[in-house]
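Read the structure below first, then the notes.
What you see is a predicted model; the values in this text were computed from it and never measured. Side chains included, hydrogens not; waters and symmetry mates left out as well; all remaining heavy atoms used. Throughout, numbering of the chain's residues begins at 1 and tracks the sequence.
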Amino acid sequence: MSTTCKLPAGLADDLAAFDEQTRRFERGEISFAEYRAFRVPQGVYEQRDEGLHMLRVRLAAGLVLPEQMKTLARVSQRYGDGALHVTDRQDIQIHAVPLAHLHRALVELHAARLSTKGGGGNTVRNITACPLAGVCDKERFDVAPDAVALTEHLIDDPSSYRMPRKLKIAFSGCPDDCAAALVNDLGFIARSRNGQRGYAVYVGGGMGAHCRIGELLEPFVPADRIHHVAQAVKRVFDLQGNRRNRKKARLRHLIEDIGLEQFRDLYIAQRRELPSDDPAPAPRRLAPPGQPATPRHHHPGRGFESWLATNVLAQKQPGYHLVQIPLHCGNIAAQTLDRLAEVIADHGQQRAHATQSQNLSLRWVRDDELAAVHDKLAALELAEPVPPVLRQLVSCPGPATCKLGLCLSRGLAQAVTDELRANSLDLSALADVNIHISGCPNACGRHPIAAIGLYGAARRAHGRLAPHYVLQLGGRLGEQRTRLARGRHTIPARHVSAVITELLRAFRDSPQFPDFHAFVDVAGEALLASQAANHRHLPAFDVDPSLYHDLSSEKPFTLAGRGAGECGAGVFDLIELDLAHARGAAARQRYHAATVAAARALLVTRGLEARDDTDALRLFSERFLDDALMADHYRPLLEAARQAAITADPEHSFDADPSLCVAFVAAVQQLYDGLDASLRFRPIETPSTSDDLSAVHEDREAPDGKTGTRELDKD
């Protein structure tokens, strides 16, 4: 079978080892943690539904062949839930694969020259490239062959799978940086010097709870030396990266700690150690299709002209076109992908490209093929004209499958789509507006680089949790002009689509601004602040329970079940708000409110949510005092608070020593300060006085036998 990227020779042995480890886990010979440590670097993650797994299939530069598309569809139907997901790192994910079927699924993928290895864990992840590489009139040259060649070079290196943390690499063909090289750990932007192809090299970029724009490491490196650049950067990261603290483990944290100049010195030293005669990996040339013997004629069908105007782009090669195949939030049914593979096989370059906006595309489609392609896509319901603002709408899966997700981001994406289509906005005039949604702060939806970026958050209203989003503006890409989205306006989930519509209408009513970014810089941020204030407040739960439901959910919003073993980035801000409320209440001498707020704050780290104040106090006693995470001498305080909570006036009924309440708030804060990214409490020395936090935490097993370490990770 042909392939777009050669797989390492030892992959068959890896699959045999995977099968053996899975069998050992099933027999109880290795723990969940041991099995996970083996499984995750292979790109296999456990989903939110226990026992089901996601397979993240790497597609170097987003390239996939028709026969590989059919294999992906077959594996999804045979072993998963029949639905596939295109990610914003140009991977394709298969979902809901049971443990017993993992090995067979991976073997079938391998037979089609597809692999998940390196799709997760502390590895070199899928290497991405500009979605228009090879056909864009702005590019210096086609960067996709170099991205594929570097993939083949690095995936065959065992050290690529034991990094301090994940390492992400991207290639862009021009300073517009469509591949977001400047927010990757290692980014290459095409250059030409004296007729020689090469790259400017950037390091230390990244997105997530801690975002950073990359810095220029080298202004020009010949294209045949980029494998040396990648190996040297990887070696420095391997030797110097923080392997003890996951919060400080990414390459950007290393560069922040030691500075770019010291990092450059270490990098140069590593490059000097590489053999100068080491041959560069040969770029895989992606030739255009040959001309058929006779032209194809096909009468345009209904809707062809509007589809042509929105979904088709002219390539820089005269007479050829790129056909965009929009997928809402990157989702496509396996049956549809199987039939789409047949369309791809018959037209254009006979290969599809996955894009960072979670769509697919087909290149090198001739003028005389367009009508036939349109009719075939229309039969698959993939030819709906989609304006750029909706085609560029990106959303991570959120808690529908992800253990880390807070809010149902796909539900918001659908609500925004429906709201924009229902209003009288001219969507075709919003081409420079991209909307990105992440279900938590981890930036799987790449919200920090969006014109309108949102990430899920949990907030309390009238004592109940409600889904919210933090809305930010102004993210943009481009060499010398990359900017991260700004602002922290928290809006209830069900009000977000209305706020976005109002914001875009105000932009369209302001013709003095040449584009949306100019509008944001001058007027947009102030307008958003005003809109956020108008939409911030929620009525009590009894008045409108639907506002306490997440979008696309019929159940009240909750974080219950999200606890030890999962990334805490999405819940840290909620904990900090509760602790701030506790400190503020204590300062105002509202000691009962302070005690309850402090007790409630850390329950989410145990996967718990209290029904009311008495329940919060009870759960804290059971899970923190009984489990010896805090000193037992706080028990009378909590019992007094519980008794007061059932009275009409808890503050006046609360009979407790104020100094003990203040100490309790401080003790909870200290316990929180010891929390790591996996919601585990680091060991604390036993204090010498009764007023200090008293107990140490050990890495306990959760009730299901799983230890508290993070698994699911952003793509």
Side-chain angles (χ1 to χ4, degrees), residues 47-49 83 95 328-329 331 393-423 435-442 444-445 447 452-471 489-502 531-563 566 569-571 573-575 577-578 600-601 603-604 607-613 615-616 619:
Q47 294 181 196
R48 201 174 188 93
D49 293 329
H95 290 279
H328 182 67
C329 297
N331 300 321
L393 195 157
V394 171
S395 170
C396 73
T401 58
C402 176
K403 282 192 170 185
L404 310 185
L406 288 177
C407 296
L408 292 167
S409 41
R410 288 175 177 169
L412 177 60
Q414 187 62 58
V416 170
T417 298
D418 294 343
E419 180 86 14
L420 292 180
R421 286 193 181 279
N423 281 273
I435 303 170
H436 291 186
I437 306 169
S438 301
C440 77
N442 276 320
C444 299
H447 65 266
I452 300 176
L454 304 112
Y455 66 85
R459 295 291 186 268
R460 300 193 197 280
H462 306 281
R464 299 289 296 251
L465 276 179
H468 286 66
Y469 282 88
V470 177
L471 198 157
H489 302 287
T490 305
I491 301 168
R494 290 181 178 265
H495 294 168
V496 169
S497 57
V499 170
I500 290 176
T501 300
E502 292 171 14
Q531 292 175 341
N534 293 337
H535 289 275
R536 181 172 297 135
H537 301 291
L538 291 175
F541 179 82
D542 293 340
V543 175
D544 189 350
S546 69
L547 295 174
Y548 293 79
H549 294 196
D550 207 345
L551 290 155
S552 74
S553 175
E554 297 180 356
K555 298 179 180 179
F557 181 71
T558 179
L559 297 182
R562 180 193 172 98
E566 300 172 15
V571 296
D573 59 346
L574 178 64
I575 295 172
L577 285 171
D578 284 337
R600 189 189 297 272
L603 294 181
V604 68
L608 303 170
E609 183 180 332
R611 297 185 302 272
D612 50 33
D613 290 354
D615 197 36
L619 289 172

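- A 4.5 Å side-chain heavy-atom check between Leu406 and Pro399 finds every atom pair outside the cut-off.
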>> Test side-chain contact (heavy atoms from CB on, under 4.5 Å) on Leu454 and Val416; report intermediate values, then the result.
In response: CA-CA 12 Å; Leu454 304 112; Val416 170; 5.9 Å; no
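- If you take CD on Gln531 and CD1 on Ile500, they are separated by 10.0 Å, rounding to the nearest 0.5 Å.
- Closest approach of Leu551 and Gly411 over heavy atoms only: CB-C, 3.8 Å.
- Using modelled atom types, one side-chain atom of Ser438 and one backbone atom of Gly445 make a donor-acceptor pair closer than 3.5 Å.
- Here the side chain of Arg494 pairs a donor or acceptor atom with the backbone of Asp550 at under 3.5 angstrom.
- Side-chain contact of His328 with Gln414: a donor-acceptor pair under 3.5 Å is present, judged by distance alone.
- Put simply, CD1 on Ile435 and CG on Leu412 are 9.0 Å apart, with the number rounded to the nearest 0.5 Å.
- Looking only at side-chain heavy atoms (C-beta outward), Asp613 and Arg600 come within less than 4.5 Å of each other.
- Between Phe541 and Tyr548, the ring planes lie perpendicular to each other; the angle is over 60°, past the 30° to 60° tilted range.
- Considering all non-hydrogen atoms of both residues, Ala413 and Leu393 come closest at CB-CD2, 3.5 Å.
- For the atom pair Arg536 CZ and Thr490 OG1, the distance stands at 7.0 Å (nearest 0.5 Å).
- Atom CZ of Arg421 has more than 12 neighbouring heavy atoms from other residues, nucleotides or ligands inside a 6.0 Å radius.
- The OG1 atom of Thr558 sits 11.5 Å away from the NE2 atom of His549 when rounded to the nearest 0.5 Å.
- Here the closest heavy-atom approach between residue Ser553 and residue Lys555 is recorded as OG-N, 3.2 Å.
- Evaluated for a side-chain contact (heavy atoms from CB on, under 4.5 Å) with Val496, the options Thr501, Ile491, Ile437 yield exactly one hit, Ile491.
- Judged by distance alone, the side chain of Gln47 and the main-chain N or O of Thr401 form no donor-acceptor pair under 3.5 Å.
- Inter-residue side-chain proximity for Ser497 and Asp418 is flagged as unmet; no heavy-atom pair is nearer than 4.5 Å.
- With Ser409 contributing its side chain and Cys396 its backbone, the two residues share a donor-acceptor pair below 3.5 Å.
- Heavy atoms only, all atoms of each residue included: Ala457 and Val470 are closest at CB-CG2, 4.1 Å.
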>> Working note: His489 + Val499, criterion side-chain contact (heavy atoms from CB on, under 4.5 Å); need CA distance, chi angles, decisive distance, verdict.
In response: CA-CA 11 Å; His489 302 287; Val499 170; over 6 Å; no
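- Proximity of a side-chain donor or acceptor of Arg460 to a complementary backbone N or O of Leu465 within less than 3.5 Å is not detected.
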>> I'd like to know whether Asp542 forms a side-chain contact (heavy atoms from CB on, under 4.5 Å) with His462, so could you lay out the CA-CA distance, the side-chain angles of the two residues, the decisive distance to 0.1 Å, and finally the verdict.
In response: CA-CA 10 Å; Asp542 293 340; His462 306 281; over 6 Å; no
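- Of all non-hydrogen atoms in His447 and Tyr455, the two that sit nearest each other are NE2-CD2, 3.3 Å.
- Nearest heavy-atom pair across Ala498 and Glu419 is CA-OE2, 4.1 Å.
- Proximity of a side-chain donor or acceptor of His495 to a complementary backbone N or O of Leu538 within less than 3.5 Å is not detected.
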